[in-house]
K.L.:
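The structure's right below; bear with me while I get my questions together.
A, B, ... follow the sequence lines: proteins, then strands. Residue 1 opens every chain. Fair warning: this is a prediction, and the values are worked out from it, not measured in the lab.
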Protein chains: 4
Amino acid sequence: MPIVIDQMSEDPIYQQIRTQVIGAIATGELSPGEPLPSVRSLARDLGVNLHTVNKAYAVLRDEGYLIMRGRSGAFVADIRDSPVHHLTAEQDWLMGKELRRLAVAFRARGGSESAFVEEAARQARAAFQREKTLVKGAGTDER
Amino acid sequence: MPIVIDQMSEDPIYQQIRTQVIGAIATGELSPGEPLPSVRSLARDLGVNLHTVNKAYAVLRDEGYLIMRGRSGAFVADIRDSPVHHLTAEQDWLMGKELRRLAVAFRARGGSESAFVEEAARQARAAFQREKTLVKGAGTDER
Amino acid sequence: MPIVIDQMSEDPIYQQIRTQVIGAIATGELSPGEPLPSVRSLARDLGVNLHTVNKAYAVLRDEGYLIMRGRSGAFVADIRDSPVHHLTAEQDWLMGKELRRLAVAFRARGGSESAFVEEAARQARAAFQREKTLVKGAGTDER
Amino acid sequence: MPIVIDQMSEDPIYQQIRTQVIGAIATGELSPGEPLPSVRSLARDLGVNLHTVNKAYAVLRDEGYLIMRGRSGAFVADIRDSPVHHLTAEQDWLMGKELRRLAVAFRARGGSESAFVEEAARQARAAFQREKTLVKGAGTDER
DNA sequence: GTGGTCTAGACCACG
DNA sequence: GTGGTCTAGACCACG
């Protein structure tokens, strides 16, 4: 899971880490149960502050994407069927709120309902197709 | 246009104002050319500082939703056929990025592409229908 | 990047800062990615309030000239190949409007079309050559 | 000289009056020596405050476009050869400064010198051709 | 340390 | 009356 930090980005560094971990889980590059690098090693590799990685992991745990097993480090949560399921539900609820907010603003700019849905579909297609072949390959080959 | 501030919210106060003004424009509760309450009076009504409302209005102006006239206050812009629709293009571009981010996170939580689009469609329906009947009704009913 | 504030000027202080930062970017004195002085230190050096510098930087960010990173300050944006060149388009459109206004007023004063274009060309020459040799020289000379 | 006030514009009303008077002088619709409507009548016609028209006329006088003859009202100045000639010189000087400022900002956005001059030429063409036929007609026919 | 946000109070141009 | 600008001082998240 190669994480790249853009020191020039306007996004906080911990958000960049968070986004890329979520992206890796989305594409299957990181599978449920798989361990993540330790806070210390990732901080060293990325050349960022230890607290920054810590914060990223803590947020991902709060969102239900990771499970922290104390001394053994962080692991990808099995979101579908797990005690953290309510966290996913909360994320879905927040996503709904966010989609609503975007749609409202789009309407305020004179956009139409169908144009909004089309744009959402286009972005979904991009998000779900990216790395899809990689994911399939990673799941069927020997590793 | 009733605006409600949640002092406990994580959202900055000026963002809460911004969101609710955009919502009122979207539903037609605020029409192009219509005046908004003055910075001073809204600040008084909401119990927040003058500068906080000022910032909300300034952001809305920069995004193209409002026009400020130093003399007589803030007015809803006619964003649809404005010569500065660069502003709209910018907003639309940011919306696309945000939709992508949401879709990626949804995929990471095990969601499917079609479920994402369905949720987007549901939220769009809500955003575009809310108050629509009220608005139409106000023009066609005898009240 | 020496910035000079004229407290007696009609131009707001934040505009004076803005203009001089743009000038420094234009001449290459400030290059993309290069950090600017922090809001606090510049405010101290100029003898103005922190919020005044903050506003100047915020405007420059909104116009696409700067990037703000909450943690480590302000940096010169690489405006040329930015994905948000809507911002540049907006600036260019405003420039066109301004040029038109100047040309109309010049005509009203009895000026000719060719004289206007000649003056524009003269000013452009000055704006584009100023510091150009200095910049180039710094790279090719042995100093 | 039909003046139209856009109450929705972001420009101050006195600036709108100023710009349109300058435009009328530019196209020859208003000729040197010609009287302008009185402050009172123009204010009444435009439905604006008397002070607002007064300010517009005062600015135009300070810029050398008008001459105020006390009791007899405002007249278009003969800019070319008149005691207010130094005012025109000042306007030209300000125009040069403004052109420089625009060129510097354009360079900072990555624009080229030739592109700037081309845009200036395009705007000059528009400013000088607009109403040119009207002007010619007005000068050669019986009025 | 950095910028982001909020409050508070002042003076200004415009109308 | 209106918003625009400036100063002053505070607390926050991020690193």
K.L.:
Distance check needed: F/dC6 C1' versus C/E10 CD, whole Å only.
P.N.:
17 Å
K.L.:
Tell me: CZ of C/R44 to P of E/dG3, nearest whole Å?
P.N.:
11 Å
K.L.:
So, using side chain to side chain contact (heavy atoms under 4.5 Å, CB included) as the criterion, who are the partners of D/R69 when residues are at least two apart?
P.N.:
D/I67, D/S72, D/F75
K.L.:
What's the CG-P distance between C/D62 and E/dG4, to the nearest Å?
P.N.:
10 Å
K.L.:
To the nearest Å, give me how far apart CG (B/N54) and P (F/dG3) are.
P.N.:
8 Å
K.L.:
Roughly how many Å is it from CD1 in C/I5 to P in F/dT7, rounded to a whole number?
P.N.:
10 Å
K.L.:
How would nucleotides 8-15 of chain E be written as a contact map, 5' to 3', with B for base contact, S for sugar-phosphate-only contact and - for no contact, using protein heavy atoms under 4.0 Å?
P.N.:
BB----SS
K.L.:
Would you please name every residue forming a salt bridge (charged side-chain N to carboxylate O under 4.0 Å, His left out) with A/D45, sequence neighbours left out?
P.N.:
none
K.L.:
Could you work out, with side chain to side chain contact (heavy atoms under 4.5 Å, CB included) as the rule, every residue matching A/A24, not counting sequence neighbours?
P.N.:
A/M1, A/E29, A/L30
K.L.:
With sequence neighbours left out, write down each residue that passes side chain to side chain contact (heavy atoms under 4.5 Å, CB included) with B/R40, or none if nothing qualifies.
P.N.:
B/S38, B/L50
K.L.:
I'd like a table of donor-acceptor pairs (distance under 3.5 Å, sequence neighbours excluded) in which one partner is a side-chain atom from residues 16-23 of chain C, with atom names and distances.
P.N.:
residue, atom, partner, partner atom, Å
C/Q16, OE1, C/D6, N, 2.8
C/Q16, NE2, C/D6, O, 3.0
C/Q16, NE2, C/D11, O, 3.0
C/R18, NE, C/E63, OE1, 3.0
C/R18, NE, C/E63, OE2, 3.1
C/R18, NH1, C/Q15, OE1, 3.3
C/R18, NH2, C/E63, OE2, 3.1
C/T19, OG1, C/Q15, O, 2.9
C/Q20, OE1, C/V4, N, 2.9
C/Q20, NE2, C/V4, O, 2.7
C/Q20, NE2, C/Q16, O, 3.4

K.L.:
Suppose we screen for salt bridge (charged side-chain N to carboxylate O under 4.0 Å, His left out). Which residues come up paired with A/D62, at least two apart in sequence or across chains?
P.N.:
none
K.L.:
Quick one: is C/R69 getting a side-chain N or O under 4.0 Å of the E/dG4 phosphate, OP1 or OP2?
P.N.:
no
K.L.:
Specify the separation, in whole Å, of atom CE of B/M68 and atom P of F/dT2.
P.N.:
12 Å
K.L.:
Quick one: which residue pairs count as a side chain to side chain donor-acceptor pair (under 3.5 Å) with a foot in residues 49-60 of chain D, not counting sequence neighbours?
P.N.:
none
K.L.:
Does DNA chain E take part in any stems of at least 3 consecutive Watson-Crick or G-U pairs (both distances under 3.5 Å), and if so, which ones?
P.N.:
E:1-14 with F:1-14
K.L.:
Whole-Å distance between E/dT2 P and C/Y57 OH?
P.N.:
11 Å
K.L.:
Please list, by residue number, the residues of residues 16-23 of chain C whose heavy atoms come closer than 4.0 Å to an atom of DNA chain E; answer none if no residue qualifies.
P.N.:
none
K.L.:
Return the set of residues passing salt bridge (charged side-chain N to carboxylate O under 4.0 Å, His left out) with D/E98 (not counting sequence neighbours), or none when no residue passes.
P.N.:
D/R101
